Amino acid sequence: MTIPENIRNKVKEIRKQIDFHNYRYYVLNQPLISDYEYDMLLKELISIEKQYPETISPDSPTQRIGEQLTGGFKEVEHKIPMLSLDNTYSKEEVVEFDKRMQRELGRQAEYVVELKIDGLAVSLIYKDGVLVQGSTRGDGAVGDDITHNIRTIKSIPLRVLTDDREIMDIEVRGEIYMPIDTFRNLNKEREEKGEPLFANPRNAAAGTVKHLDPKVAYYRNLDIFIHTVLSEKYQAHYDALIASNKIGFKVNPNMKLCKNIDEVFDYCESWKSRRNKLPYGMDGMVIKVNYFEDQEKLGTTEKNPRWSIAYKFPAQQVTTKVEDIVLQIGRTGIVTPVAILTPVKVSGSTVSRATLHNFDELARKDVRVGDTVFIEKGGEVIPEVVKVVLEKRTGKEKKVEIPKKCPVCGSRLVRQEREVAIRCDNTRCPSQVKARIEHF
Ligand code: IVH
């Protein structure tokens, strides 16, 4: 059946509108219409596509969830290798880096300073304006084709918002991450179901993009910041990022052009105390020489570009004492061991409890009552016991055995096959009832 001209135009027009409002909402965080109006547009498109299935194309906003992969991931060769960054925790080494840049360029370099997002690197390739491939970094030369999952991320345009031919065939690279709230909720759900927990948002994001079924990624709310634009059109990295944002890509607004290394340090310092306030994890700053001509002159080593360095923030760890290990019973009866700590300040808040997740974790870390432990609270994670300071053991520490009976109601605790969690199987256990009421 041929599609009537007016229908074809209508479809094109609605898709354009949806793509634009999607961009306003997910990329710029500045919606221009209500959710209701957006849903109405989408509904109208779905209904026309139903009537004229021939109008459906892969770049339609209705096509974010595609088919499940069956044979595993295809490998993808990166035409331009995906390098990693040389990194340091030391200010002196950053000063050295700047001196090297000055020496090699024969003048002061101009820098762009960005946040180092704690996620995983991906490459997105657009042909004729349409997203055709998304892949992981892999070993830098060859990665996995994860297009099916990339398409579910709503801040990634399925079609760029431009008809400038020069940038309709473009590759951008960025960092996929899971927002901290999403990570917490996901782990909470997994804990309740007795499924293994993700150690941090980065692992959760990596696990999600490696699913064969795109529905999983669709409902897990991944996001992205683009940090690299491979295009001949621009002279400078900063301009390329700004331009990419105008054509639909999400770029982190926290970046700064710096004329010298003092400006670089001022900006980096200003983020040390603010990092915990971000809704996503970051572990330092990335300093990049701005002009592409300068970048080319400086070149790369086998692994890293010579024109960039990551200035990492130290992990926020402190030591404290485990005063007790108590059992917490959730609304579904799952028993979680929790360490009660001598209160201690870490990254801006006082911590007096830390989850030990489950008894497998407890055994693996071998945390005992009386132990001195390292605890960590990155901006990204709930306080966690990282490890025991074994040197501080006196021999008087007490091991906690896996309980056989519920400490509250005395019912037996069960462990289902293939579950890490231990549950109290008495649904009338007062602790469970209380947790259910709290949840309600
Ligand atoms: S630029 C040559 N910018 O950190 C690599 N990377 O170890 C150019 N990352 O693989 C990468 N935030 O996954 C760049 N603002 C940022 C970044 C960033 C996080 C990741 C990226 C890269 C790794 C470097």
Side-chain angles (χ1 to χ4, degrees), residues 76 78-89 93-94 97 101 111-124 134-144 146 150 153 155-156 171-179 200-206 208-210 222-231 234 236-242 244-245 249-258 264 267-268 271 274-275 278-292 294-296 298-313 315 378-380:
V76 177
H78 301 301
K79 288 219 175 76
I80 300 174
M82 291 183 80
L83 303 176
S84 63
L85 292 170
D86 189 12
N87 67 66
T88 180
Y89 290 92
E93 282 184 29
V94 178
F97 164 81
M101 297 301 104
Y111 298 111
V112 182
V113 183
E114 300 165 17
L115 304 187
K116 187 168 193 309
I117 308 299
D118 197 9
L120 65 138
V122 293
S123 146
L124 311 177
S135 57
T136 61
R137 174 170 179 272
D139 64 4
V142 178
D144 285 325
I146 49 160
I150 289 293
I153 301 174
S155 52
I156 294 180
E171 176 175 354
V172 297
R173 292 174 178 176
E175 201 77 357
I176 290 197
Y177 65 92
M178 182 177 282
N200 52 51
R202 180 164 30 81
N203 287 2
T208 305
V209 299
K210 285 299 199 68
L222 294 178
D223 212 330
I224 192 166
F225 286 121
I226 296 302
H227 55 52
T228 302
V229 179
L230 302 174
S231 162
Y234 310 100
H237 172 64
Y238 192 82
D239 301 344
L241 285 184
I242 301 283
S244 77
N245 180 240
F249 296 104
K250 188 159 174 177
V251 173
N252 195 298
N254 306 303
M255 57 171 179
K256 192 172 187 269
L257 256 184
C258 295
V264 169
Y267 192 58
C268 292
W271 274 104
R274 282 189 285 165
R275 66 182 288 203
L278 292 167
Y280 45 84
M282 68 94 129
D283 55 354
M285 309 295 288
V286 181
I287 304 160
K288 300 174 182 172
V289 167
N290 188 25
Y291 291 102
F292 290 138
D294 290 349
Q295 291 187 2
E296 265 156 45
L298 292 155
T300 69
T301 67
E302 204 142 290
K303 286 197 201 124
N304 312 314
R306 286 186 220 272
W307 41 264
S308 180
I309 193 164
Y311 181 28
K312 303 241 289 185
F313 294 155
E380 63 275 34

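Read the numbers this way: they start at 1 and go in the same order the structure lists the ligands and their atoms. Model, not experiment: these values are computed from the prediction.
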N/O contact list for ligand 1, threshold under 3.5 Å:
| unit_1 | atom_1 | unit_2 | atom_2 | d |
| --- | --- | --- | --- | --- |
| ligand 1 | 3 (N) | Lys288 | NZ | 3.0 |
| ligand 1 | 4 (O) | Lys116 | NZ | 3.2 |
| ligand 1 | 6 (N) | His227 | NE2 | 3.4 |
| ligand 1 | 7 (O) | Leu85 | N | 3.1 |
| ligand 1 | 12 (N) | Ile117 | N | 3.0 |
| ligand 1 | 13 (O) | Glu175 | OE1 | 2.4 |
| ligand 1 | 13 (O) | Glu175 | OE2 | 3.3 |
| ligand 1 | 15 (N) | Glu114 | OE1 | 2.8 |
| ligand 1 | 15 (N) | Leu115 | O | 3.0 |

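- Evaluation of the salt bridge (Lys or Arg N to Asp or Glu O under 4.0 Å) rule for Glu175 yields no partner, not counting sequence neighbours.
- Listed by chain and residue number, nothing satisfies the salt bridge (Lys or Arg N to Asp or Glu O under 4.0 Å) test with Lys256 (two or more places apart in sequence, or in another chain).
- By the 4.5 Å heavy-atom criterion applied to side chains, Tyr177 and Met282 are not counted as neighbours.
- Looking at Leu278 and Leu115, their side chains come closer than 4.5 Å, going by heavy atoms from C-beta outward.
- Proximity of Ile176 to Ile224: side-chain heavy atoms (C-beta onward) are separated by under 4.5 Å at one or more points.
- For Glu171, the side-chain hydrogen bond (donor to acceptor under 3.5 Å, both in side chains) partners two or more places apart in sequence, or in a different chain, are Ser123, Arg173.
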